[in-house]
There are 2 protein chains.
Amino acid sequence: MEKLLEPQPGWVDSLSETRSALARLSTAERVADVLRTHLIEGRILPGTRLSEDTIAGALAVSRNTLREAFRLLAHERLLVHELNRGVFVRQLTVDDVIDLYRVRRILECSAVRATAQYTPGVVARVRAAVHEGETAARDGGWQEVGTANMHFHLALAALSGSPRVNELMHQLLAELRLVFHVMARPQQFHEPYLGDNARICGLVEAREGERAAAALADYLDRAEQQLVHAFTAG
Amino acid sequence: MEKLLEPQPGWVDSLSETRSALARLSTAERVADVLRTHLIEGRILPGTRLSEDTIAGALAVSRNTLREAFRLLAHERLLVHELNRGVFVRQLTVDDVIDLYRVRRILECSAVRATAQYTPGVVARVRAAVHEGETAARDGGWQEVGTANMHFHLALAALSGSPRVNELMHQLLAELRLVFHVMARPQQFHEPYLGDNARICGLVEAREGERAAAALADYLDRAEQQLVHAFTAG
DNA sequence: CACTACAGATTGCTCAACAATCCCTCAATC
DNA sequence: GATTGAGGGATTGTTGAGCAATCTGTAGTG
């Protein structure tokens, strides 16, 4: 009888892993999702003011609900909220870029260094992201290459095994996307790093934490310099 | 004439530094502030549901405004929001405690290690926090000792020179405060670490980044173990 | 004892309204 | 001519009421 009740040990756990997908979203959260994609895809220029009336009308939600969504996105630093003036699309400064890369270096490098915490699943995710990037570079658009690159770095951060580091990483990358769009030629920004990704992935798979961290730090330094340069030049 | 107009070069900059104090807060933010203090001071037990009507009435604000405040605090992880069920005071699990300390180790240790980024001002803040703790231990309550301890670790994180690390640290410590209150004897939790603080501060002042980081990691390990133990026991 | 149905309470969201604030324009002043 | 001050229109901040959707506990049914 008990065998019948538990045909696959642990299936309850596998169910509970999907509960986040099951958890419906409130209207405010769905509105925030819509706006978030628009923002990170660069459809709305940094500095633009988002009118409550206009957007509430366009999305057919009440102003109050829209304001809840604004609060969420402001907390994610994608929007800035100025009292009595409204919300604006975040405009990153050079200092922001420098700080973002500083935090990335801290999080990603320490995650990569801690080989003791690696799990096979997450290491596989790193490799998968490398493949995704190579496929995207061969077949298709720079947009996909960029996305694959994000997945790669998210996978690196996930090596830490820390939910909070994961969430942080998501947030940092979302912020960074705001600045990628000011680059003149985005495809030329991401592609050169595909080789680095593969190399770092190899070091991770070999559990060479220190060397992987060093390579990653160098990687991030170059990317930062490139962005800062594009910033001060443009 | 020009001398009269600019008696102290750069005074405009010093003005603009204080503009954050001038920025008024919206009602929702003030409400969030009030609730935040109540939460981190442990006045409301974790798990408690916060009724919108009751609290809106008590604070004399509308439900809409209160909900905005709830969103802010949920994003800071002090409250959890369950759709159609309401908001609850966050209940930290053992896994949360472990993760919080994992992130603290990453942030604080890397900040302390990067001696190149130290500035005299922030190093002084570390020393000041040590003094604050010693004074509090001599004169007064454990509450103050705990606060001084927070200041110490905030100052350590500030050594990174990163605004985002600072904000993160604030958030992590606010979260941790939720769990400090479940400890039976809070004063006995913080006091033993005063000696460690002084020692680490000395290493920081001597720019012994690596040794300071090692001492700090050991410190955090012990604190984590103590908390985890209190958790599984109680 | 398990399961269903109902009722009360609470949240989710909307709408309309008004106060407070900002921003722009146009004079007025020095 | 540049700065200051006073409207006036537009936008945000906040409120309160109202209704639909959902949850929770209870009572009833098999």
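A/Q225 CD: 12 or fewer foreign heavy atoms inside a 6.0 Å radius.
Summarising the geometry, atom OH belonging to A/Y193 is positioned 9.0 Å from atom CG belonging to A/L220; distances are rounded to the nearest 0.5 Å.
Looking at residues 46-64 of chain B, you'll see B/A60, B/V61, B/S62, B/R63, B/N64 sit with a heavy atom under 4.0 Å from some atom of DNA chain D.
The interatomic distance linking A/L83 (CG) with D/dG13 (C1') rounds to 8 Å, in whole Å. When rounded to the nearest whole Å, the span between CD of A/E68 and P of D/dG13 equals 14 Å. Remark: P of D/dG13 and CG of B/L25 are 13 Å apart, rounded to the nearest angstrom.
In this structure, the ring of B/F88 has its center no less than 6.0 angstrom from the ring center of B/H81.
Residue order along DNA chain D, read from the 5' end via each residue's closest nucleotide, puts A/G86 first among B/T65 and A/G86.
Contact check on B/R36 versus B/E76 returns a salt bridge, with a Lys/Arg side-chain nitrogen under 4.0 Å from an Asp/Glu carboxylate oxygen. Taking a cutoff of 4.0 Å between a charged side-chain nitrogen and a carboxylate oxygen, B/E167 and A/R77 qualify as a salt bridge. A salt bridge between B/R105 and B/E224 is present, with a side-chain N of the basic residue lying under 4.0 Å from a carboxylate O of the acidic one. Under 4.0 Å is where a charged nitrogen must lie from a carboxylate oxygen, and between B/R90 and B/D96 at least one such pair does.
The side chain of A/R67 places an N or O atom within less than 4.0 Å of a non-bridging phosphate oxygen (OP1 or OP2) of D/dG13.
Using cut-offs of 30° and 60° for the angle between ring planes, the B/F180 and B/F189 rings count as tilted.
Think of the region where chain A sits on DNA chain C: with heavy atoms and a 4.0 Å cut, that region ends 5' and 3' at C/dC13 to C/dC23.
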